[in-house]
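Input: a single structure, listed below in structure tokens.
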Amino acid sequence: MSKRAWLVKSEPYKYSYADLVRDGRATWDGVRNYEARNNLRAMRAGDLLLYYHSNEGKAVVGLAQVAREAHQDPTTTDDWSAVEITPLAPLAAPVNLATIKATPALAGMSLLRRSRLSVVEVSWPEVDVILKLGRTRLPKAARRR
DNA sequence: GCCAACGTTGGC
DNA sequence: GCCAACGTTGGC
């Protein structure tokens, strides 16, 4: 099965990409939306993650990877899921929302069409465009194969 | 700080 | 099962 790619949002003043790099690994918990939860559950180890800063920054700032697949969200006993993620590499140039909106090839992104969902899938063609705009090469560890 | 979008809750 | 009220997200 080939890898998938996802975009996850975080408000940088709560947990930024720099925080993830500092920690080396993080539990992606606290998701309380069924569709987002289903996306977490569909993630497989090694899937690529685009890390998006919402509210402040409003840009894709880095790449990460799924390190541990969905398990019980440790912040609740209710039926919610969490995954663990590790950082791969920051984007050489963050790709901001205005740029994404202005790029025809990205007009169909779930980020735009489902703007309030915190975990959305990204197609590989979209990933390629984001990486190009971000002047960043896909790290070896994240190769699609 | 405002507000549009939209998911969730709860009364009926 | 409908739908109004409410809460949250996130762009501006």
Side-chain angles (χ1 to χ4, degrees), chain A residues 1 3-139 142 144:
Chain A
M1 191 204 315
K3 285 183 185 180
R4 297 167 82 177
W6 311 85
L7 180 145
V8 295
K9 296 182 187 176
S10 180
E11 300 178 56
Y13 48 88
K14 287 186 182 160
Y15 196 80
S16 68
Y17 187 73
D19 292 331
L20 176 63
V21 170
R22 181 198 61 212
D23 294 342
R25 188 176 179 110
T27 299
W28 207 255
D29 57 26
V31 169
R32 296 292 184 270
N33 170 285
Y34 291 110
E35 198 173 346
R37 181 191 70 180
N38 292 341
N39 285 337
L40 289 180
R41 290 179 177 176
M43 289 180 182
R44 293 298 167 253
D47 278 3
L48 179 68
L49 300 172
L50 304 184
Y51 201 104
Y52 177 84
H53 281 171
S54 60
N55 266 294
E56 283 178 13
K58 281 172 287 181
V60 178
V61 295
L63 305 174
Q65 201 163 28
V66 176
R68 183 185 172 198
E69 296 177 3
H71 52 282
Q72 173 63 39
D73 183 331
T75 64
T76 179
T77 53
D78 290 339
D79 187 25
W80 296 106
S81 295
V83 297
E84 288 181 22
I85 71 174
T86 52
L88 279 173
L91 291 191
V95 179
N96 63 44
L97 185 61
T99 301
I100 291 171
K101 283 185 170 174
T103 303
L106 299 178
M109 276 190 84
S110 297
L111 173 68
L112 302 180
R113 306 197 314 162
R114 308 293 319 282
S115 63
R116 286 172 63 259
L117 246 199
S118 61
V119 183
V120 292
E121 187 165 10
V122 185
S123 74
W124 284 107
E126 289 163 351
V127 168
D128 291 339
V129 174
I130 296 278
L131 289 174
K132 192 166 187 182
L133 292 168
R135 304 186 186 291
T136 303
R137 206 161 282 172
L138 190 65
R144 199 181 334 176

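Numbered from 1 within each chain, the chains take letters A, B, ... in sequence-line order. Quick note: numbers below take in every heavy atom, side chains included, and nothing from hydrogens, waters or symmetry partners.
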Starting from the C-alpha separation in whole Å, work towards a yes-or-no answer on ring-ring contact (aromatic ring centres under 6.0 Å, His included) for A/Tyr34 and A/Trp80.
CA-CA 8 Å; A/Tyr34 291 110; A/Trp80 296 106; 4.9 Å; yes
Compare all side-chain heavy atoms of A/Ser110 with those of A/Leu117 and state whether any distance is below 4.5 angstrom.
no
Side chain proximity check, A/Glu69 to A/Met43, heavy atoms < 4.5 angstrom
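Answer no - side chains too far apart.
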Listed partners of A/Gln65 passing side-chain hydrogen bond (donor to acceptor under 3.5 Å, both in side chains), at least two apart:
none
What pairs with A/Arg41 under side-chain hydrogen bond (donor to acceptor under 3.5 Å, both in side chains), at least two apart in sequence or on another chain?
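Per chain and number, A/Arg41 pairs via side-chain hydrogen bond (donor to acceptor under 3.5 Å, both in side chains) with A/Asp79, A/Ser81.
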Contact class for A/Arg113 vs. all strands (heavy atom < 4.0 Å): base, sugar-phosphate, or nothing?
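Answer is nothing: A/Arg113 stays at 4.0 Å or more from every strand.
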Along nucleotides 5-12 of chain C, 5' to 3', which nucleotides get a B, which get an S, and which get a -, given that the test is a protein heavy-atom distance under 4.0 Å?
--BBBBBB
Close residues, residues 28-41 of chain A, relative to DNA chain B [heavy-atom separation under 4.0 Å]:
A/Asn33, A/Tyr34
What residues, two or more places apart in sequence or in another chain, satisfy side-chain contact (heavy atoms from CB on, under 4.5 Å) together with A/Thr103?
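For A/Thr103 the side-chain contact (heavy atoms from CB on, under 4.5 Å) partners, ignoring immediate neighbours, are A/Thr99, A/Ala105, A/Leu106, A/Val129, A/Leu133.
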List for me each residue that meets salt bridge (Lys or Arg N to Asp or Glu O under 4.0 Å) alongside A/Glu35, sequence neighbours excluded, and say none if there are none.
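Testing A/Glu35 for salt bridge (Lys or Arg N to Asp or Glu O under 4.0 Å), a comparison that skips the adjacent residues, returns A/Arg114.
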A/Val66 pairs by side chain to side chain contact (heavy atoms under 4.5 Å, CB included) with which of A/Leu49, A/Val8, A/Leu48, A/Leu40?
A/Leu49
